[in-house]
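Notes for the one structure printed next.
Just follow the structure's listing: the first ligand is 1, and inside any ligand the first atom is 1.
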Amino acid sequence: MKEYIELSKEVKEAKENNRPIVALESTIISHGMPYPQNVQMAKKVEQIIRDNGAVPATIAIIDGKIKIGLEEDALELLANSDNVAKVSRRDLPEIIATKQIGATTVASTMICAELAEIDFFVTGGIGGVHRGAESTMDVSADLDELSKTNVAVICAGAKSILDLPKTMEYLETKGVPVIGYQTKELPAFFTRKSGVELNSSADTPEEIAKTWKVKRDLNLTGGLVVANPVPEEDELPKSYIDSIITEAVQEAEENGIHGKDSTPFLLSKIVEKSEGKSLVTNIKLVENNAVVGAKIAVAFNQH
Ligand code: PSU
Ligand code: MN
């Protein structure tokens, strides 16, 4: 298995010195944001993690290897090439075997992080049950991954391109804890509120680190979601973004967009329709998640 995994120098040193490490995904770079904001975001988020006492490990597939920790040229390649595959669990073996460039989703980043023994992973939003899933059966592989792979994911909830109540039902069925960070309500990515009440909330990174430790000690297989709302000053007005999302979902339907193309299509439509406002908020919330994720990893490391 080791033959497929390659750690960057920074990550290797962090492992040798038992330092806290935070994984980052690359689909958000290649398929979630336009260039050059995507690569700027990726670098800044890595720096925020360092500034908060942890070591960043952005994950991607390059040259037949799972790269754990990327140099600047690799980040640039992922951000600005048009032949980057979107790699979920299904795609991982093929993309490695055929030596394609692959950007990892939440699901495959969790798999790779677990292989590299990294417990914490920061991103923007997780995939979920899509609106209309009762007819399309479009449910992100991220949700199943959360039920079986031992990585805690720090995010700003999920976009309301998804059906949030159904997403929560699915996670409940699969036994995945969703902990609101300083909130009792599931955040909806661009907005702090969704109207969906949470079963758990925590006020400090230490509390989350403790819960994670107990989950691991009990061998309760699977991940955990930390739902961290976008800062108040960066959130978008709910009615404004909701109407844009509804339009985007409708256009996806009219264009017959489905499968792995669905989420990237919706994300880029939302950026286009909001004239970039959604992108600004998206970047801010990932940065905010990086602060919290690094603090949780640091707290866990002290146990
Ligand atoms: N949601 C976002 N930004 C993203 C994604 C989701 O707000 O970039 C990406 C993540 O990589 C996530 C993936 O794992 O989309 C989900 O895709 P799908 O719905 O095809 O499972
Ligand atoms: Mn899907």
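E46 and R50 are joined by a salt bridge, as a carboxylate oxygen and a charged side-chain nitrogen come within less than 4.0 angstrom of each other. Salt bridge E197/K184: absent, no basic N to carboxylate O contact under 4.0 Å.
In terms of protein heavy atoms, atom 13 (C) of ligand 1 is closest to D142 OD2, 4.1 Å. From the protein, the heavy atom lying nearest to atom 7 (O) of ligand 1 is K159 NZ, 2.3 Å. If you check which protein heavy atom lies closest to atom 9 (C) of ligand 1, you get T27 CG2, 4.0 Å. Protein heavy atom at the shortest distance from atom 21 (O) of ligand 1 is S140 OG, 2.7 Å. Closest to atom 1 (N) of ligand 1, if we only count protein heavy atoms, is G125 O, 3.6 Å.
The minimum heavy-atom distance linking F190 with V230 is given by the pair O-CG1, 3.9 Å. Among all heavy-atom pairs drawn from G124 and I28, the shortest one is N-CD1, 3.9 Å.
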Trace of the salt bridge (charged side-chain N to carboxylate O under 4.0 Å, His left out) decision for E16 with K12: CA-CA 6 Å; E16 283 161 9; K12 202 182 288 171; over 6 Å; no
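Note that NZ of K215 is 11.0 Å distant from CG of D119, once rounded to the nearest 0.5 Å. Between atom CD of residue E6 and atom CD1 of residue I61 there is a gap of 11.5 Å, rounded to the nearest 0.5 Å. Taken from OG1 in T191 to CD1 in I241, the straight-line distance is 8.5 Å, to the nearest 0.5 Å.
Heavy atoms of V106 found under 4.0 angstrom from ligand 1 belong to the backbone as well as the side chain. Contact annotation for T263 and ligand 1: only side-chain heavy atoms (C-beta onward) come within less than 4.0 Å of the ligand. Here E25 has side-chain heavy atoms under 4.0 Å from ligand 1, and that is the only part of it that gets that close.
Close contacts of ligand 1 with F189, meaning ligand atoms under 4.0 Å from a residue heavy atom, involve 7 (O). Near H130, meaning under 4.0 Å from one of its heavy atoms, ligand 1 places the atoms 19 (O). Those atoms of ligand 1 with a heavy atom of T105 less than 4.0 angstrom away are 11 (O), 14 (O). Which parts of ligand 1 touch K86 is read off a 4.0 Å heavy-atom cut-off, strictly below it: atoms 17 (O), 18 (P), 20 (O).
Within D138, OD1 is the N, O or S atom that lies nearest to the Mn ion (ligand 2).
Compare L267, V286, V87, I29 by their heavy atoms: the one nearest to atom 5 (C) of ligand 1 is in L267.
Residues K67 and S8 have side chains not in contact (no heavy-atom distance under 4.5 Å, counting atoms from C-beta outward).
Side-chain N or O atoms of T149 include none that pairs as donor or acceptor with a backbone N or O of L146 at under 3.5 Å.
Using a 4.0 Å cutoff on heavy atoms, M33 does not count as a contact of ligand 1.
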